[in-house]
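The first residue of the sequence shown is numbered 1, and numbering continues consecutively from there.
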Amino acid sequence: MATPLSDTPLSPLKTVAVVGLGTMGTGITEVLAKAGREVIGIDISEAAAARSVAALEASTARAVERGKLTEEDRADALARVRTFTDLRAAADADLVIEVAPESYEIKQQIFRELDGIVRPETILATGTNALSVTRLAADSARPERVLGLHFFNPAPAMRLVEVVSSVLTAPAAVAAVTDLAVELGKEPVAVGDRPGFVADGLLFGYLNQAAAMYEAKYASREDIDAAMRLGCGLPMGPLALLDLIGVDTARTVLEAMYAESRDRLHAPAPILKQLSEAGLTGRKSGRGFYTYEAPGSATVVRDALTPLEGAALTPGRTVRSVGVAGSGTMASGIAEVFAKAGYDVVLAARSEEKAQTAKARIGKSLSRSVDKGRMTAEAAAQTLDRITPAGSYDAFADVDLAVEAVAEDLEIKRQLFATLDKVCKPGAVLATTTSSLPVVACARATSRPQDVIGMHFFNPAPAMKLVEVVRTVLTADDVHSTVREVCAKIKKHAVDCGDRAGFIVNALLFPYLNNAIKMVQEHYASLDDIDAAMKLGGGYPMGPFELLDVVGLDVSLAIEKVLHREFRDPGLAPAPLLEHLVAAGCLGRKTGRGFREYARR
């Protein structure tokens, strides 16, 4: 009979067996060996074990070249690794980490065999990111010793480790593994047992929606990826990331998530099944959403879907002067961008005073650029001189392009476009910076809907490189060409998308934020753990709750409502917790309290 857990002192986990020596198993082995652990690498394939050793040798050699490891430390680390093809080699392990293929049958077989091999006090960890830890533990002779230990790829570089408890897991086992993760230089996050856990649970829903967006031909793969990199500061676009993870792996994770949640946002997009079944699984096969130089290569090569560089567009209209309507932060930022690019700018607001205040804000922004050495004082002065403040939209009579950046309210924008229709000369392009309202509704407020287009800048406009160019079904080809040419001149990356709620960025970003709120609402994980998981595991510059408090909970709720109203998907319904906080006046940093509290300035 096994010794009761409470009476068994846990070992310091000095010897660790890693079962499965693929990319992840090899990475975990490297992390353990570098940290002074004895590692028993096990794989049924001798070839896989040999490849793992070769990969370890190459990786540690690169670390020596970069000065991150001494030759002596490298030799010691490699000496601590032994490889075997028989699970019985794990007999002396204090901890076994299983990273076999994502299959219940395979993993359950490994755990059953390990039950008859390892000591009673040995902790058994699964590296799954999609399967139920509870189900795997229930089949074990010692379920209290079974937990999840989810590393992220590449394991040597990624700091996040999710420590997954089932209802059967003993706290002492969790504590021992958590301590080990800290000693490995990782940041452990404690989570419960549900498909995807925290990081992948949020990440894969977002990736799935990006795949569906591409499948619907709403935007090109290049524009979807560029929009999320430049609009959200992500290290990779979603479709490139799916290729890196493996399209088949993503489909497996999503199937597991959907089986539990029944949320349509987790139902794998059909294109994931089509690519998987065709063997187009991403980088590892040489082709997925993109085509690669060779299987395993990260180098994207041209294929039939690659846009032609310098492809001829319809000639655009001449733009020498630009009108910017509004006096807030976005209007000021857009006016600054155009003036820096050499355009004469009319900055018009509801009063001369508001326009002058907006110009003064631009002056302060330019001064900061001078102080930081980004531009000369002379260039800043010339830029400011190009901006003419005005207290009436009548000043737009001669502009070639009018860009509105007023309140995100459809009736206000429609009234403004009716005014622009009267004051702007024939042939002037009329653009809205709306992030969530229908561009065509603004266009229909004019007698020239063919001249109206969306130009969605991101805040702060001088710093953010992205502009979503939104065509309606009525927008003229030369108007689209004009805006694309203007974006190039103001050094912004333009992405094309159609006129539907959220465009690219917000349609992918806000459901992800909403799902993070649902995790907290359901007491699955804490704000801090979710923020840490997405920054460390997903490479996000800010965690979802940090971002929500910066954007404003009222703004976020408004966008969620627009998305839910347009797409009518129950999974897009705003989380009640978000609605409650907004109702309570907790709107984020601007009110001093949102999901977190902030010191009043």
S.K.: For the residue pair G27 and A155, what are the closest heavy atoms and their distance?
M.R.: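 Nearest pair, atom of G27 first, then A155: C-CB, 3.7 Å.
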
S.K.: Does the pair Y214 and D225 meet the rule for a side chain to side chain donor-acceptor pair (under 3.5 Å), with working shown?
M.R.: CA-CA 10 Å; Y214 172 68; D225 280 354; over 6 Å; no

S.K.: What I'd like to find out is whether the side chain of Q274 reaches to under 4.5 Å of the side chain of I271, using heavy atoms alone.
M.R.: yes

S.K.: Which heavy atom in A199 sits nearest to a heavy atom in M534, and how many Å separate them?
M.R.: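 Shortest heavy-atom contact: CA-SD, 3.6 Å.
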
S.K.: Give a yes or no on this: more than 12 heavy atoms of other residues, nucleotides or ligands lie within 6.0 Å of atom CD1 of I117.
M.R.: yes

S.K.: Quick test of your reading of the model: are R251 and E277 salt-bridged, counting only N-O distances below 4.0 Å?
M.R.: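 The answer is yes: the pair qualifies as a salt bridge.
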
S.K.: Is D303 salt-bridged to R221, going by a charged N under 4.0 Å from an acidic O?
M.R.: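 The answer is yes: the pair qualifies as a salt bridge.
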
S.K.: Please check: side-chain N/O of T26 versus main-chain N/O of G22, any donor-acceptor pairing under 3.5 Å?
M.R.: yes

S.K.: How many angstroms lie between atom CD of Q209 and atom NE2 of H266, to the nearest 0.5 angstrom?
M.R.: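 Output value for this atom pair is 8.0 Å.
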
S.K.: Counting C-beta onward and ignoring hydrogens, is there a side-chain heavy-atom pair between K561 and P574 closer than 4.5 Å?
M.R.: yes

S.K.: Could you check if a side-chain atom of I245 sits within less than 4.5 angstrom of a side-chain atom of L207, using non-hydrogen atoms only?
M.R.: yes

S.K.: Check whether any side-chain N or O of D223 sits under 3.5 Å from a backbone N or O of D496 as a donor-acceptor pair, and report yes or no.
M.R.: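 Yes.
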
S.K.: Assess whether a salt bridge exists between E121 and R145, defined as any Lys/Arg side-chain N lying under 4.0 Å from an Asp/Glu carboxylate O.
M.R.: no

S.K.: Using modelled atom types and a 3.5 Å cut-off, is there a donor and acceptor pairing between side-chain atoms of S59 and backbone atoms of A55?
M.R.: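 Not a single qualifying donor-acceptor pair exists.
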
S.K.: Between Y524 and G192 (side chain of the first, backbone of the second, donor and acceptor by atom type, cut-off under 3.5 Å), is there such a pair?
M.R.: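 Judged by distance alone, yes, a pair lies under 3.5 Å.
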
S.K.: Run the salt-bridge test on K34 and E30 with the 4.0 Å N-O cut-off and return the result as yes or no.
M.R.: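 So K34 pairs with E30 through a salt bridge.
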
S.K.: Specify the closest pair of heavy atoms between A212 and A269, including all atoms of both residues, with the distance to one decimal.
M.R.: N-CB, 4.0 Å

S.K.: Is it true that Y512 and Y540 have ring centroids separated by less than 6.0 Å?
M.R.: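 Ring-ring flag for Y512/Y540: true, centres closer than 6.0 Å.
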
S.K.: V99 and G127: which non-hydrogen atoms are nearest, and at how many Å?
M.R.: CG1-CA, 4.1 Å

S.K.: I'd like to know whether V495 forms a side chain to side chain contact (heavy atoms under 4.5 Å, CB included) with E468, so could you lay out the CA-CA distance, the side-chain angles of the two residues, the decisive distance to 0.1 Å, and finally the verdict.
M.R.: CA-CA 5 Å; V495 296; E468 290 177 319; 3.8 Å; yes

S.K.: To the nearest 0.5 Å, what is the distance between CG on L508 and CG on N208?
M.R.: 10.5 Å

S.K.: I need the minimum non-hydrogen distance between P238 and Y206, along with the two atoms involved.
M.R.: CD-OH, 3.3 Å

S.K.: Where the side chain of R112 meets the backbone of S140, is there a donor-acceptor pair that is under 3.5 Å apart?
M.R.: no

S.K.: Is a side-chain donor or acceptor of S52 paired with a backbone partner of A48 at a separation under 3.5 angstrom?
M.R.: no

S.K.: Check the side chains of E105 and Q109 for a donor-acceptor pair under 3.5 angstrom, ignoring hydrogens and angles.
M.R.: no

S.K.: With the threshold set at 4.0 Å, does a side-chain nitrogen-carboxylate oxygen contact exist between R74 and E57?
M.R.: no

S.K.: Check step by step if side chain to side chain donor-acceptor pair (under 3.5 Å) holds for S166 and D193.
M.R.: CA-CA 6 Å; S166 79; D193 182 24; 6.0 Å; no

S.K.: Side chains of L466 and V505, heavy atoms from C-beta outward: is any pair under 4.5 Å?
M.R.: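 Answer yes - side chains close enough.
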
S.K.: Heavy-atom distance under 4.5 Å between the side chains of V16 and I28, does that happen here?
M.R.: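 Contact flag for V16/I28 side chains = no.
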
S.K.: May I ask you to establish whether R500 and Y218 are in a cation-pi arrangement, using a distance under 6.0 Å from NZ or CZ to the six-membered ring centre and at most 45° from the ring axis?
M.R.: yes

S.K.: Does the distance from a Lys or Arg side-chain N to an Asp or Glu carboxylate O, for D94 and R119, drop under 4.0 Å?
M.R.: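 So D94 pairs with R119 through a salt bridge.
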
S.K.: Any chance you could measure L578, atom CG, to L553, atom CG, to the nearest 0.5 Å?
M.R.: 5.0 Å

S.K.: Looking at side-chain heavy atoms only, is the closest gap between L149 and V161 below 4.5 Å?
M.R.: yes

S.K.: Under a plain distance cut-off of 3.5 Å, with no hydrogens placed, do T128 and E102 share a side-chain donor-acceptor pair?
M.R.: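 There is such a pair (donor and acceptor under 3.5 Å, judged by atom type) between the side chains of E102 and T128.
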
S.K.: Indicate the atoms forming the closest heavy-atom contact of A77 with A33, along with that distance.
M.R.: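 It is O-CB, 3.5 Å.
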
S.K.: Name all residues meeting the side-chain hydrogen bond (donor to acceptor under 3.5 Å, both in side chains) criterion together with D549; count only those two or more places apart in sequence or in a different chain, and write none if there are none.
M.R.: Y598

S.K.: So do I530 and L202 actually touch side chain to side chain, heavy atoms under 4.5 Å?
M.R.: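 They are in side-chain contact.
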
S.K.: Roughly how far, to the nearest 0.5 Å, is CG of N515 from CG of D263?
M.R.: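 Taking CG in D263 and CG in N515, the distance rounds to 6.5 Å.
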
S.K.: I want to check something: taking the side chain as every heavy atom from C-beta on, are L147 and S165 in contact at a cut-off of under 4.5 Å?
M.R.: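 When only atoms from C-beta onward are counted, S165 and L147 do not touch, as no gap falls below 4.5 Å.
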
S.K.: State plainly whether the residues D243 and R283 are in salt-bridge range, i.e. N to O under 4.0 Å.
M.R.: no

S.K.: D43 side chain to L21 main-chain N or O, any donor-acceptor pair under 3.5 Å?
M.R.: yes

S.K.: Measure the spacing between CZ of R88 and CD1 of I42 and express it to the nearest 0.5 Å.
M.R.: 11.0 Å

S.K.: Step by step, work out the salt bridge (charged side-chain N to carboxylate O under 4.0 Å, His left out) result for D248 and K284.
M.R.: CA-CA 11 Å; D248 51 340; K284 60 189 174 188; 2.9 Å; yes

S.K.: Between D115 (side chain only) and A141 (backbone N and O only), is there a donor and an acceptor less than 3.5 Å apart?
M.R.: yes

S.K.: Between E162 and V198, is there a donor-acceptor pair closer than 3.5 Å when you use the side chain of the first and the backbone of the second?
M.R.: yes

S.K.: Just verifying a value: how many Å separate H580 NE2 and Q521 CD, rounded to the nearest 0.5 Å?
M.R.: 8.0 Å

S.K.: Which pairs count as ring pair (Phe, Tyr, Trp, His ring centres under 6.0 Å) when at least one residue sits in residues 148-170, sequence neighbours excluded?
M.R.: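 The answer is H150-F152, H150-F197.
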
S.K.: Test side chain to side chain contact (heavy atoms under 4.5 Å, CB included) on V301 and Y292 and set out the steps.
M.R.: CA-CA 5 Å; V301 296; Y292 298 87; 5.8 Å; no

S.K.: With side chain to side chain donor-acceptor pair (under 3.5 Å) as the criterion, how do T126 and E98 come out once you've worked through the C-alpha distance, each side chain's angles and the decisive distance to 0.1 Å?
M.R.: CA-CA 5 Å; T126 174; E98 165 280 310; 2.6 Å; yes

S.K.: Is a donor on one side and an acceptor on the other found under 3.5 Å between the side chain of R142 and the backbone of P120?
M.R.: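 Such a contact is found between R142 side chain and P120 backbone.
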
S.K.: Could you note down all residue pairs passing salt bridge (Lys or Arg N to Asp or Glu O under 4.0 Å) where residues 525-541 supplies at least one of them, sequence neighbours left out?
M.R.: D528-R596, D531-R596, K535-E546

S.K.: Determine, stepwise, if the pair V146 / T169 fulfils side chain to side chain contact (heavy atoms under 4.5 Å, CB included).
M.R.: CA-CA 6 Å; V146 178; T169 311; 5.9 Å; no

S.K.: What's the verdict on side chain to side chain contact (heavy atoms under 4.5 Å, CB included) for L265 and Y258, showing C-alpha distance, side-chain angles and the deciding distance?
M.R.: CA-CA 8 Å; L265 298 179; Y258 180 69; over 6 Å; no

